[in-house]
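Since the structure comes first, as structure tokens, the remarks are kept for the end.
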Number of protein chains: 2
Amino acid sequence: MTRAAPNPARRIREDIEGRIHSGEWKPGTRIPIEQELAARYGCARATVSKALAELVAAGLVERRRKAGSFVAHPPVHSAVMTVPDLAELIAARGESYRWEARAILRRKNAGGADTLQIDGIHFAADEPFALENRTIELAEVPAAAEANFAAEAPGTWLLAHIPWTSARHVVRAVAATRAEAAALATGSGAACLQLERDTWRGDRPVTHVRQLFRGDRFDLVAEFQAGTGKREGN
Amino acid sequence: MTRAAPNPARRIREDIEGRIHSGEWKPGTRIPIEQELAARYGCARATVSKALAELVAAGLVERRRKAGSFVAHPPVHSAVMTVPDLAELIAARGESYRWEARAILRRKNAGGADTLQIDGIHFAADEPFALENRTIELAEVPAAAEANFAAEAPGTWLLAHIPWTSARHVVRAVAATRAEAAALATGSGAACLQLERDTWRGDRPVTHVRQLFRGDRFDLVAEFQAGTGKREGN
DNA sequence: TGGGTCATTATGTCTAGACATAATATGAGG
DNA sequence: CCTCATATTATGTCTAGACATAATGACCCA
């Protein structure tokens with residue numbers, strides 16, 4: 001039980017990472033077996049295994065039983081995209097936001113439960129920033145029926161009240177209709193970024209939202225650090 | 001050394017996950033200390049620690065020394081977005097693609113090294129699908145100077161030849177200029193999705209690409225499974 | 001009361017050894 | 001030469017114990 005380095009696992013990971021980055025070990029290259037790495041770095045096999053597991057999580061390495069560990073082939077280019085709550089995003093920019101509910105109505109959905117429907121506009125610095133059309137399943141979020149969406153945007157409210165979700169985003173460029181263009185203070189047919197988000201809790205739908213941004217006022221930014229698994233976002 | 005369950009770590013993780021999902025443990029709730037969990041589940045503390053580490057990676061849990069482990073507050077809504085190589089994406093749809101280089105020229109960049117610049121069009125089913133403007137830093141990818149981009153799109157070629165990268169994506173809705181509209185066989189001013197991607201190897205730039213899609217023909221889709229860290233993409 | 005010091009505590013990491021598992025490689029039999 | 005059962009091998013996971021580290025909170029002193 002000699003403690004070789006302060007951070008053996010990290011040292012191993014960074015060493016292998018370096019060899020892959022530098023091109024010394026190309027995609028498909030077989031990485032020495034764990035026992036050999038353990039001997040080389042003077043540590044236990046479990047430590048090597050942990051380092052390799054982190055490299056797998058980062059997408060740099062593939063492991064197959066019996067076969068061994070290999071440098072991963074450049075995969076589909078994936079990125080961690082941060083799609084913040086809209087109101088939070090605006091607040092973070094040091095700007096103000098307002099929520100203007102334009103319609104709140106209920107309707108029976110297929111299961112017989114109520115669905116809350118809310119349409120509104122987000123403002124930043126007194127300029128219209130985004131249109132939002134949202135539905136909330138009251139069966140999953142009964143408290144939403146009592147919430148005051150004049151004081152707090154539905155997205156913010158939901159983020160604070162819903163424990164956890166899975167989500168599906170669809171991003172698309174669309175031309176603004178005449179009504180949309182008027183609401184966003186731009187020209188009819190202007191290019192807009194449409195973000196649709198379906199959110200579930202477990203496998204039951206919670207909310208659906210469509211947000212429409214003026215194309216000249218909004219970007220989606222995604223950063224991806226390959227190899228570290230480090231997440232960083234807009 | 002009694003082997004309690006076939007997968008203690010997994011069982012622990014799913015149990016805690018369930019409590020968080022169900023709302024039994026709300027954000028900010030303190031999770032019992034590892035020793036207690038180890039006793040409760042009848043396993044070693046290292047196993048509990050591993051399970052908690054996975055929950056941290058999934059964003060469900062926060063851990064602080066001395067303080068303990070806590071249910072994470074609903075974070076910024078992040079999603080793993082898969083932005084595949086364009087040619088690969090088209091091929092996966094069972095459609096064909098063609099690459100038409102329109103210009104290949106070199107220029108000296110600030111450092112004095114060569115930059116390769118390529119403009120082209122992607123086709124799917126004989127319809128123009130996307131415009132692409134790309135620069136490649138030859139200092140980082142010297143082999144690109146010899147590559148035959150008539151046979152293989154630059155994105156595909158780079159994916160196969162560059163070991164690893166970090167990347168930054170910017171997604172924006174823009175109106176097509178007259179020339180762009182003509183190339184995409186759509187109307188002038190049509191809403192298009194513009195994807196810009198800067199790619200680095202370490203901290204040195206490798207390539208920059210701007211891809212312009214017809215808004216009515218292309219979506220970006222991002223799936224996010226909160227709590228599992230599972231990645232699934234378009 | 002204010003502030004600095006120190007012991008406590010819970011997580012962070014590692015070790016050495018063990019057994020489980022799956023995929024490959026090998027060899028026997030047809 | 002092909003096929004199927006078996007042995008081998010490398011990863012996957014776990015245990016029990018140890019030491020490291022950082023943040024908290026209590027204690028003591030000015």
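So you know, we letter chains A, B, ... as the sequences are listed, proteins then strands, and number each from 1. Since the model is a prediction, treat every value here as computed from it, not as a measurement.
Across all strands, Ala53(B) comes closer than 4.0 Å to no nucleic acid atom at all (heavy-atom distances).
Residue Arg40(A) qualifies as enclosed at atom CZ: its count of foreign heavy atoms under 6.0 Å is above 12. Annotation: Glu24(A), atom CD; neighbour count of heavy atoms from other residues, nucleotides and ligands within 6.0 Å is above 12.
Here dG12(C) presents its C1' atom at 15 Å from CD1 of Ile33(B), a figure rounded to the nearest Å. Between Arg65(A) atom CZ and dA22(C) atom C1' there is a gap of 6 Å when expressed in whole angstrom units. Between the CD atom of Glu34(B) and the C1' atom of dA20(D) there is a distance of 14 Å, rounded to whole Å. Spacing between atom CG of Leu55(A) and atom P of dT11(D) amounts to 13 Å, rounded to whole angstrom units. Computed from coordinates, the Tyr41(B) OH to dT13(D) C1' distance equals 18 Å when rounded to whole Å. Taking atom CG of Leu52(A) as the reference point, atom P of dT11(D) lies 8 Å away to the nearest angstrom. For the pair Gln35(B) CD and dA18(D) P, the computed distance is 13 Å after rounding to whole Å. Between Glu54(B) atom CD and dG12(D) atom C1' the separation is 12 Å, expressed in whole Å.
Comparing dA10(C), dT24(C), dT13(D) by their nearest atom to the side chain of Arg30(B) picks out dA10(C). Of the candidates dG12(D), dT8(C), dC14(C), dC14(C) carries the atom nearest the Ala9(A) side chain, counting heavy atoms from C-beta on. Comparing dT15(D), dG12(D), dT15(C) by their closest approach to the side chain of Cys43(B) singles out dT15(D). The side chain of Ala44(A) lies closest to dT15(C), out of dA16(D), dT15(C), dT13(D).
Taking the six-membered ring where tryptophan is involved, the planes of Phe218(A) and Phe213(A) are essentially parallel, since the angle between them stays under 30° and well short of 60°.
Ser69(B) pairs with exactly one of Arg64(B), Arg30(B), Arg63(B) by the side-chain contact (heavy atoms from CB on, under 4.5 Å) rule, that one being Arg63(B).
Across the interface with DNA chain C, nearest-nucleotide mapping of Val48(A) and Ala67(A) shows Val48(A) to be the residue nearer the 5′ end. Of the two residues contacting DNA chain C, namely Lys66(A) and Lys66(B), the nearest-nucleotide position lying further toward the 5' end is that of Lys66(B).
Taking only side-chain nitrogens and oxygens, Ser49(B) never comes nearer than 4.0 Å to OP1 or OP2 of dT13(C). Dashed line: the shortest gap from a side-chain N or O of Arg64(B) to OP1 or OP2 of dT11(C) is not under 4.0 Å. OP1 or OP2 of dC14(C) has at least one side-chain nitrogen or oxygen of Lys50(A) nearer than 4.0 Å. When the side-chain nitrogen and oxygen atoms of Arg63(A) are compared with OP1 and OP2 of dG12(D), one or more of them lie within a distance under 4.0 Å.
Looking at Arg10(B), its side chain has no donor and acceptor atom pair within 3.5 Å of the base of dT13(D).
The two residues Ala9(A) and Ala51(A) make their nearest non-hydrogen contact at O-CB, 3.6 Å.
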